[in-house]
Engineer: 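Encoded as structure tokens, here's the structure I'll be asking about.
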Amino acid sequence: METLPDVTATDADGAPLQLHDLDRPLVVYFYPKDNTPGCTREAQDFSALADEFAAAGVTLLGISRDSVAKHGKFAAKHALTVPLASDLDGSVTEAFGVWGERQMYGRTYMGIERATFLFDADGRLAREWRKVKVPGHAEAVLAAARGQ
């Protein structure tokens with residue numbers, strides 16, 4: 001993937017969210033599931049830095065396959081400020097190549113790879129992070145985004 005895919009997620013209000021319509025530079029991060037420890041920490045870290053991303057002119061968006069209602073409860077419970085979108089039909093995670101076979105505790109299942117993508121002002125992929133480890137990740141993405 002060299003450019004921002006032309007895909008549609010579902011925003012917090014349940015409306016279609018065309019990724020191409022979002023302001024850029026743009027950070028899109030994918031996470032497996034609302035209200036799990038790693039995903040909660042990642043969303044809190046991006047939320048804590050949301051003002052700094054905005055000051056740098058960078059739009060943030062978190063995406064998982066959880067429902068809009070579940071995202072709403074997740075955001076309210078943890079006072080998240082980063083926008084979250086739902087990929088209800090799986091088309092967004094497929095387009096970004098983050099949906100696939102995963103393993104945890106010896107069990108194999110289909111799920112989302114924790115990954116982050118930074119797109120420049122022209123919608124070109126500037127940087128990607130795969131198999132993300134949460135501690136320090138949001139800060140690293142902010143540093144890269146500031147370099148745009």
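The structure presented is a predicted model; accordingly, all values stated were derived computationally and were not measured.
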Engineer: Between the side chains of Asp87 and Thr93, does any donor sit under 3.5 Å from an acceptor?
Structural biologist: yes

Engineer: Just by distance, do the side chain of Thr116 and the backbone of Tyr29 share a donor-acceptor pair under 3.5 Å?
Structural biologist: no

Engineer: Please name the pair of heavy atoms, one in Ala115 and one in Val132, separated by the smallest distance, quoted to 0.1 Å.
Structural biologist: CA-CG2, 3.9 Å

Engineer: Taking all non-hydrogen atoms of both residues into account, name the closest pair between Ile112 and Arg65 and its distance.
Structural biologist: CD1-N, 3.7 Å

Engineer: Hey, quick one: are Val58 and Trp129 part of the same hydrophobic cluster, counting side-chain heavy atoms closer than 4.5 Å, chains of contacts allowed?
Structural biologist: yes

Engineer: Closer than 4.0 angstrom, basic N to acidic O: yes or no for Glu2 and Arg124?
Structural biologist: no

Engineer: Determine whether more than 12 heavy atoms belonging to other residues, nucleotides or ligands lie under 6.0 Å from atom CG of Asp6.
Structural biologist: yes

Engineer: Which heavy atom of Leu19 sits nearest a heavy atom of Pro5, and at what distance?
Structural biologist: CB-O, 4.4 Å

Engineer: Keeping Asp11 on the side-chain end and Asp13 on the backbone end, is there a donor-acceptor pair under 3.5 Å?
Structural biologist: yes

Engineer: Answer with yes or no whether the hydrophobic clustering places Phe96 together with Met110; edges join I, L, V, M, F, W, Y residues whose side-chain heavy atoms lie under 4.5 Å apart.
Structural biologist: yes

Engineer: Can you label the angle between the Phe119 ring and the Phe117 ring as parallel, tilted or perpendicular, going by 30° and 60°?
Structural biologist: parallel

Engineer: Taking atom types as modelled and ignoring hydrogens, do the side chains of Asp34 and His71 form a donor-acceptor contact shorter than 3.5 angstrom?
Structural biologist: yes

Engineer: Looking at every heavy atom in both Tyr31 and Ser64, which two are closest together, and how far apart are they?
Structural biologist: O-CB, 3.1 Å

Engineer: Give the minimum heavy-atom separation between Leu61 and Ala85, together with the two atoms involved.
Structural biologist: CD1-CB, 3.9 Å

Engineer: Nearest heavy-atom pair of Asp66 and Ser86: which atoms, and what distance?
Structural biologist: O-OG, 2.7 Å

Engineer: Checking Val27 against Thr59 for the side-chain contact (heavy atoms from CB on, under 4.5 Å) test, could you report, in this order, the C-alpha distance in whole Å, the side-chain angles of both residues, the deciding distance, and whether it holds?
Structural biologist: CA-CA 6 Å; Val27 169; Thr59 302; over 6 Å; no

Engineer: With hydrophobic residues grouped by side-chain heavy-atom distances under 4.5 Å, do Leu84 and Val68 end up in a single group?
Structural biologist: no

Engineer: More than 12 foreign heavy atoms under 6.0 Å from NZ of Lys33: is that the case here?
Structural biologist: no

Engineer: Using the rule given for side-chain contact (heavy atoms from CB on, under 4.5 Å), can you reason through Phe30 versus Arg114, listing the C-alpha separation, both sets of side-chain angles and the distance that settles it, and then say yes or no?
Structural biologist: CA-CA 5 Å; Phe30 291 89; Arg114 189 182 308 281; over 6 Å; no

Engineer: Closer than 3.5 angstrom, by distance alone: can the side chain of Glu113 be matched with the main-chain N or O of Lys131 as a donor-acceptor pair?
Structural biologist: yes

